[in-house]
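Okay, structure first, notes after.
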Amino acid sequence: MLIRSLFTVCLLGLVSYVTQAQVSKPVSAQPKITNSNLKLDPKLHVSIAAQSLTGGSRKSWKLTGLTTNGYKRGIDGLCMEDNILILSSDQNANYSEGANVCTKSVSQVNNLKWELSQDNKKLLLSGLPVPTTDNKNAMLGFLLGSEAEITELNDTTLRLKFKATNGYIDGKLDYVTNEVTYTAQ
C-alpha cells in the first residue's frame, strides 16, 4: 500500500511538471501564411491574414518581384520599381506608381476596396480601372489583379498570382499569368 501511494504521488508530480512545462513554453511568432495552410482554420487565419496585410491598421507593400508566364523579370531601373500598394484595415486600398510613372493616367489610384475570399486563398480588389483599346490603364492591370491567389503571406512578404492584362494586341485584350511579390515597407 505504501509503495502504491508513493508511486501515485510520484506520478502526479510528474504529470504536474510536464503540464507546467508545456504551458510555460513560449508561443511561437506569427505563423507563415501560405495558400496550403490558409485552409486549416478559416476563422483564425482570416484575422491573421488581415493582420499581416494591414499591419493592424495600414500597411504599405512595395513591388519587389515580377514573374510573367513563368519568366522572372527584373524590375530594377524600370518604371515599376517604386510601385506601392497600401492596404488598410477598413478594407480601403490605394496604389501608387511612385516617382517613376509607367502610366500617367493612373499614377495614383485611390478608392480601391480589398477583401479576402471566403476560403482566405484570394485577395480580391475592386475599383481597378479597365484597360482601354489605346492601352491606357494596361500597366495597372498588368501589376494588379482583381482576383489574385495568395501564394505567400507573412509580415514581410505578399506574393500574388493572377491573370493579368497585357494590353490590347491586334484589337484583342491579351492576358498573361503574373506572380508579383510585394515587400512590406
Side-chain angles (χ1 to χ4, degrees), residues 29-38 49-55 58-88 92-117 120-185:
Q30 181 173 327
K32 178 179 177 181
I33 300 170
T34 63
N35 197 0
S36 62
N37 71 7
L38 280 173
Q51 175 71 25
S52 291
L53 286 170
T54 66
R58 182 180 177 172
K59 194 173 201 176
S60 296
W61 296 92
K62 182 179 179 185
L63 180 67
T64 55
L66 172 63
T67 301
T68 300
N69 291 339
Y71 174 73
K72 186 173 181 165
R73 301 170 57 141
I75 63 168
D76 293 339
L78 300 178
C79 59
M80 62 188 90
E81 73 179 348
D82 59 351
N83 290 15
I84 301 284
L85 173 64
I86 301 168
L87 300 173
S88 300
N92 286 313
N94 297 316
Y95 195 80
S96 172
E97 287 201 38
N100 298 322
V101 176
C102 297
T103 310
K104 291 181 181 177
S105 64
V106 291
S107 62
Q108 179 74 34
V109 179
N110 298 311
N111 304 320
L112 297 173
K113 293 285 187 187
W114 71 270
E115 65 180 309
L116 292 169
S117 62
N120 305 313
K121 294 180 180 181
K122 293 182 180 177
L123 177 64
L124 309 171
L125 285 171
S126 59
L128 290 170
V130 177
T132 59
T133 54
D134 61 357
N135 284 328
K136 279 188 180 176
N137 308 330
M139 184 55 78
L140 187 63
F142 189 72
L143 298 174
L144 284 177
S146 60
E147 184 176 301
E149 176 187 357
I150 300 170
T151 58
E152 182 178 352
L153 174 60
N154 58 46
D155 285 340
T156 59
T157 304
L158 169 61
R159 186 166 287 128
L160 303 170
K161 185 176 183 178
F162 56 93
K163 186 176 179 180
T165 57
N166 194 29
Y168 278 86
I169 299 176
D170 296 327
K172 293 182 179 180
L173 194 54
D174 185 48
Y175 290 95
V176 293
T177 299
N178 275 350
E179 186 168 353
V180 294
T181 302
Y182 291 93
T183 303
Q185 298 300 290

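How far OG of S88 is from NZ of K113: 9.5 Å, rounded to the nearest 0.5 Å. L87 contributes atom CG, which lies 6.5 Å from atom CG of L123 (distance to the nearest 0.5 angstrom). The OG1 atom of T67 sits 8.0 Å away from atom CG of N178, with the distance rounded to the nearest 0.5 Å. Atoms CG and SG, from N100 and C79 in turn, are 7.5 Å apart once rounded to the nearest 0.5 Å. With rounding to the nearest 0.5 angstrom, the CG atom of L63 is 8.0 Å from the OG1 atom of T181.
Put simply, the side chain of I84 reaches to within 4.5 Å of the side chain of Q185, judged on heavy atoms. Annotation: side chain of L53 is in contact with side chain of L158 (closest heavy-atom distance under 4.5 Å). Proximity of L112 to Y95: side-chain heavy atoms (C-beta onward) are separated by under 4.5 Å at one or more points. For the pair L116 and K122, the minimum side-chain heavy-atom distance is 4.5 Å or more.
Taking T54 as the reference, nothing meets the side-chain hydrogen bond (donor to acceptor under 3.5 Å, both in side chains) condition, with sequence neighbours excluded. Partners of T177 according to the side chain to side chain contact (heavy atoms under 4.5 Å, CB included) rule, which considers only residues two or more places apart in sequence or in another chain, are N69, K161. L125 meets the side chain to side chain contact (heavy atoms under 4.5 Å, CB included) test with A93, W114, L128, L144; sequence neighbours excluded. With sequence neighbours excluded, no residue forms a side-chain hydrogen bond (donor to acceptor under 3.5 Å, both in side chains) with D82. T183 meets the side-chain hydrogen bond (donor to acceptor under 3.5 Å, both in side chains) test with T64; sequence neighbours excluded. Partners of A148 according to the side chain to side chain contact (heavy atoms under 4.5 Å, CB included) rule, which considers only residues two or more places apart in sequence or in another chain, are L160, F162. In this structure, the side-chain hydrogen bond (donor to acceptor under 3.5 Å, both in side chains) partners of T156, at least two apart in sequence or on a different chain, are N154. Listed by chain and number, the residues in a salt bridge (charged side-chain N to carboxylate O under 4.0 Å, His left out) with E179 are R159 (sequence neighbours excluded). For E115, the salt bridge (charged side-chain N to carboxylate O under 4.0 Å, His left out) criterion is met by no residue, not counting sequence neighbours.
Shown here for L85 and Y182, the closest heavy-atom pair between the two residues is CB-CE2, 4.1 Å. Minimum interatomic distance between I75 and G65 (heavy atoms only, all atoms of both residues): CD1-N, 3.9 Å.
Annotation: salt bridge (charged side-chain N to carboxylate O under 4.0 Å, His left out) contacts involving residues 58-68, sequence neighbours excluded, are absent.
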